[in-house]
A.B. asks: 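Provided herewith is a single structure, encoded as structure tokens, for subsequent inquiry.
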Protein chains: 2
Amino acid sequence: MTFQEKASQAIREAGGRMTAQRQIILELLETSDEHLDAEELHRRARVQDTSISLATVYRTLNTLEEAGLVQQRYHSPEHSRKYVEPVHADEEYHFTCRTCHRVIPFHSELMQQLKQQLEAELNVQVFNACVCVDGLCPDCRVSS
Amino acid sequence: MTFQEKASQAIREAGGRMTAQRQIILELLETSDEHLDAEELHRRARVQDTSISLATVYRTLNTLEEAGLVQQRYHSPEHSRKYVEPVHADEEYHFTCRTCHRVIPFHSELMQQLKQQLEAELNVQVFNACVCVDGLCPDCRVSS
DNA sequence: CTGCTATTGAAACCTATTCTCAATAAGAAG
DNA sequence: CTTCTTATTGAGAATAGGTTTCAATAGCAG
């Protein structure tokens, strides 16, 4: 089942409706492997529907997040902007360069361990872990 | 050397000045073990100086962060607000309950490992790692 | 004490996101 | 296919956290 199919189904199950606007946004999320923010998504969506509004993009992203289909991420150290990514099995985290602002995604089994540790030691149930790391990327590290 | 002494020195070395307002903020940061945000700090600072402005609190926090004396943290899943804490040797991270919004601080050597892993594998230099975990705290977990 | 300039308070501004509200359109029911 | 209900939409106002501007103030070096 594709991401779009899952999403349509989840939206229906929650008593929602599939609209042309949502279809466009789902397509963009599925076909792009980048970390998009609402404005970039809006910019791309307008290619297909010139009148789609930014508010609709935000609303759709929130709907998808509530359905657990999408995650909102932040790129340290700038936490004022949300980036979305479809939920994958292997969660992706991000390193951001303070100098050139390049984003380097990474995976680490340590995060899985951290979740387990917290659940065991604090007796909590973990829904989401957000990790934002910043510093200097290989290039900027050398030239400074 | 106390936090306030270190801070005064760092500010001086950067060509800055020690003002009554900054003194008050430093005191509050030193004597409180909670995670404060700018508004709470402002509220408390006003007890001592009724006319201290919120802008001054923000400016002071930024100055202290640049000097490496304070860290700005976020509490997942709500990333819109910064919380400050003095820099400690053993970094503290936070778990936030989605239901009651309680914040449970935690330490984990896994974070140190994660930094080392990133530096080794991505060849980057890590300045700061922000980890925000959310889910259900022991109490809310039971009652749901 | 004097002068230079970092810092301040007040208020305007900025930016990402959410909300309001009237108009529109999914999609269930007939 | 038509009708009805109501979820969703676009436009723009509103909000919230934080930053900037600017004239006035006040550290602190000399």
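So that the names make sense, note that chain A is the first sequence line, chain B the second, and so on, each numbered from 1.
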A.B. asks: Measure centre to centre between the rings of B:Tyr83 and B:His75, then say whether the value is under 6.0 Å.
C.D. replies: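 B:Tyr83 vs B:His75: aromatic centres under 6.0 Å.
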A.B. asks: Taking any heavy-atom pair under 4.0 Å as a contact, classify A:Asp37: base, sugar-phosphate, or nothing.
C.D. replies: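 No contact.
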A.B. asks: Whole-Å distance between C:dT17 P and A:Leu41 CG?
C.D. replies: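 For the pair A:Leu41 CG and C:dT17 P, the rounded distance is 12 Å.
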A.B. asks: Within less than 4.0 Å of OP1 or OP2 of C:dA26, is there a side-chain N or O belonging to A:Arg12?
C.D. replies: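 Indeed not, no polar side-chain atom of A:Arg12 lies that close.
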A.B. asks: For D:dT19, does either OP1 or OP2 sit under 4.0 Å from a side-chain N or O belonging to B:Tyr58?
C.D. replies: no
A.B. asks: OP1 or OP2 of D:dT9 less than 4.0 angstrom from a side-chain nitrogen or oxygen of A:Ser51, does that happen here?
C.D. replies: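 Answer no for this pair, as no side-chain N or O of A:Ser51 is under 4.0 Å from OP1 or OP2.
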A.B. asks: Looking at B:Glu13, B:Glu5, B:Lys6, which hits side chain to side chain donor-acceptor pair (under 3.5 Å) with B:Gln9?
C.D. replies: B:Glu13
A.B. asks: What is the distance from CZ of A:Arg46 to C1' of D:dG10, rounded to the nearest Å?
C.D. replies: 12 Å
A.B. asks: Classify the nucleic acid contact of A:Arg59 as base, sugar-phosphate or nothing, counting any heavy atom under 4.0 Å across all strands shown.
C.D. replies: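 The answer is base, as A:Arg59 lies within the cut-off (heavy atoms under 4.0 Å) of a base atom.
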A.B. asks: Start at the 5' end of DNA chain D and walk down; is the nucleotide closest to B:Arg17 or to B:Tyr74 reached first?
C.D. replies: B:Tyr74
A.B. asks: Is any side-chain N or O of A:Ser80 closer than 4.0 Å to OP1 or OP2 of D:dG17?
C.D. replies: no
A.B. asks: Nearest whole angstrom, please: distance from the C1' of D:dG18 to the CZ of A:Arg81.
C.D. replies: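 Roughly 15 Å, once rounded to whole Å.
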A.B. asks: Indicate whether OP1 or OP2 belonging to C:dG9 is found under 4.0 Å from a side-chain N or O atom of B:Gln21.
C.D. replies: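 Affirmative; the distance criterion is met.
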A.B. asks: Rounded to whole angstroms, how far apart are CD on B:Glu66 and C1' on D:dT19?
C.D. replies: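 Taking CD of B:Glu66 and C1' of D:dT19, I get 13 Å after rounding.
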A.B. asks: A:Gln23 has an atom CD; how far is it from atom P of C:dA26, in whole Å?
C.D. replies: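 About 12 Å, once rounded to whole Å.
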A.B. asks: Select base, sugar-phosphate, or nothing to describe what B:Leu54 touches, counting heavy atoms under 4.0 Å on all strands.
C.D. replies: nothing
A.B. asks: What is the minimum heavy-atom distance between B:Leu54 and B:His42, and which atoms define it?
C.D. replies: N-NE2, 3.4 Å
A.B. asks: Can you tell me the distance, in whole Å, between the CG atom of B:Asn62 and the P atom of C:dA6?
C.D. replies: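 After rounding, the reported distance stands at 17 Å.
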A.B. asks: Counting N and O atoms only, with roles assigned by atom type, does the side chain of B:Thr63 sit under 3.5 Å from a partner on the main chain of B:Arg59, one being a donor and the other an acceptor?
C.D. replies: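 Looks like yes, one N/O pair under 3.5 Å.
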A.B. asks: Return the value, rounded to whole Å, for the distance between atom CG of B:Leu26 and atom P of C:dT7.
C.D. replies: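 Taking atom P of C:dT7 as the reference, CG of B:Leu26 is at 13 Å.
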A.B. asks: Does A:Lys82 put a side-chain nitrogen or oxygen below 4.0 Å from OP1 or OP2 of C:dT15?
C.D. replies: no
A.B. asks: Rounding to a whole Å, what distance do you find between B:Ile25:CD1 and C:dT7:P?
C.D. replies: 12 Å
A.B. asks: What nucleotide, of C:dT7, D:dG10, C:dA16, holds the atom closest to the side chain of B:Arg22?
C.D. replies: C:dT7
A.B. asks: With nearest nucleotides of DNA chain C determined for B:Val57 and B:Gly15 from heavy-atom distances, which residue corresponds to the more 5′ nucleotide?
C.D. replies: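 Upstream on the strand: B:Gly15.
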A.B. asks: Is the distance from the ring center of A:His107 to that of A:Tyr93 below 6.0 Å?
C.D. replies: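 No, too far apart.
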